[in-house]
Amino acid sequence: ERHPSPAQYNKFFDFQFRRSKEVLDKKLGNHVRMLGWPYGIYDNELTQEAKQAGYTSAFALDGRHAGDADNIMAISRYLVTDRDLECLLEEVPAGPPARP
């Protein structure tokens, strides 16, 4: 199995960051500046690539409350599963709130 060269690897990540941002910017009609690291996986190299692509902050997956001391490119967040959403929706009343 042939592994990509460093140049191919860098080109791949540059494309992934820039192209996805371009598509989101166009579809949303706004500049996307925040990134959610897939599976919460990131490192210093990926952080630099994200910054170069125009992201100003990103979310990791640390399973704890975010705090002022968090790295702006790795703000803590929780994993929310389909089951979590189902439980939440069971607790939320259907329809608009009743008027007093």
Side-chain angles (χ1 to χ4, degrees):
E1 181 178 312
R2 187 170 169 246
H3 295 283
S5 70
Q8 290 170 320
Y9 179 83
N10 290 338
K11 184 178 179 181
F12 170 77
F13 276 102
D14 182 63
F15 175 79
Q16 290 294 316
F17 281 116
R18 292 183 194 282
R19 181 68 182 136
S20 61
K21 187 173 183 323
E22 288 170 6
V23 168
L24 288 170
D25 286 353
K26 184 176 180 181
K27 288 189 180 257
L28 297 174
N30 203 347
H31 292 291
V32 174
R33 294 191 170 108
M34 301 175 94
L35 172 70
W37 293 114
Y39 306 102
I41 299 170
Y42 66 95
D43 60 20
N44 289 337
E45 185 178 352
L46 292 174
T47 297
Q48 290 307 311
E49 290 284 341
K51 286 179 181 179
Q52 288 174 7
Y55 293 100
T56 59
S57 57
F59 295 91
L61 226 143
D62 297 330
R64 61 178 176 78
H65 293 324
D68 292 340
D70 282 354
N71 173 346
I72 195 72
M73 295 303 290
I75 301 166
S76 185
R77 66 180 167 142
Y78 290 92
L79 175 66
V80 177
T81 66
D82 289 343
R83 181 67 188 130
D84 295 325
L85 291 175
E86 289 170 13
C87 290
L88 177 63
L89 291 174
E90 289 172 5
E91 299 297 321
V92 176
R99 294 187 175 219

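What you are looking at is a predicted structure, and each value in this text was computed from that prediction instead of being measured.
Among residues two or more places apart in sequence or in another chain, the side chain to side chain donor-acceptor pair (under 3.5 Å) test is passed with E90 by none. For N71, the side chain to side chain donor-acceptor pair (under 3.5 Å) criterion is met by no residue, not counting sequence neighbours. Among residues two or more places apart in sequence or in another chain, the side-chain contact (heavy atoms from CB on, under 4.5 Å) test is passed with K51 by T47, Q48, M73. Take E45 and apply the salt bridge (Lys or Arg N to Asp or Glu O under 4.0 Å) test, not counting sequence neighbours, and it matches no residue. The ring-ring contact (aromatic ring centres under 6.0 Å, His included) check on Y55 picks up nothing, with sequence neighbours excluded. With sequence neighbours excluded, the residues satisfying side-chain contact (heavy atoms from CB on, under 4.5 Å) with V92 are L88. Among residues two or more places apart in sequence or in another chain, the salt bridge (Lys or Arg N to Asp or Glu O under 4.0 Å) test is passed with E86 by R83. In this structure, the side chain to side chain donor-acceptor pair (under 3.5 Å) partners of H65, at least two apart in sequence or on a different chain, are Y78.
Counting Ile, Leu, Val, Met, Phe, Trp and Tyr side chains that sit under 4.5 Å apart, directly or through other members, L85 shares a hydrophobic cluster with V80.
When side chains are defined from C-beta on, L35 does not count as touching Y42, because their heavy atoms never get closer than 4.5 Å.
Tracing side-chain contacts under 4.5 Å through hydrophobic residues (I, L, V, M, F, W, Y), one reaches F17 starting from L24; they form part of the same cluster. Both W37 and F12 are members of a single hydrophobic cluster when ILVMFWY side chains are connected at heavy-atom separations under 4.5 Å.
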Show every donor-acceptor pair shorter than 3.5 Å between a side-chain atom in residues 56-64 and any protein atom, with sequence neighbours excluded, or say none if there are none.
unit_1 : atom_1 : unit_2 : atom_2 : d
T56    : OG1    : R33    : O      : 3.3
R64    : NH1    : D70    : OD1    : 3.1
R64    : NH2    : D70    : OD1    : 3.0

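Around atom CG of D43, more than 12 heavy atoms belonging to other residues, nucleotides or ligands sit under 6.0 Å away.
Applying the salt bridge (charged side-chain N to carboxylate O under 4.0 Å, His left out) rule to pairs touching residues 6-21 yields D14-R18, R19-E22, K21-D25, sequence neighbours excluded.
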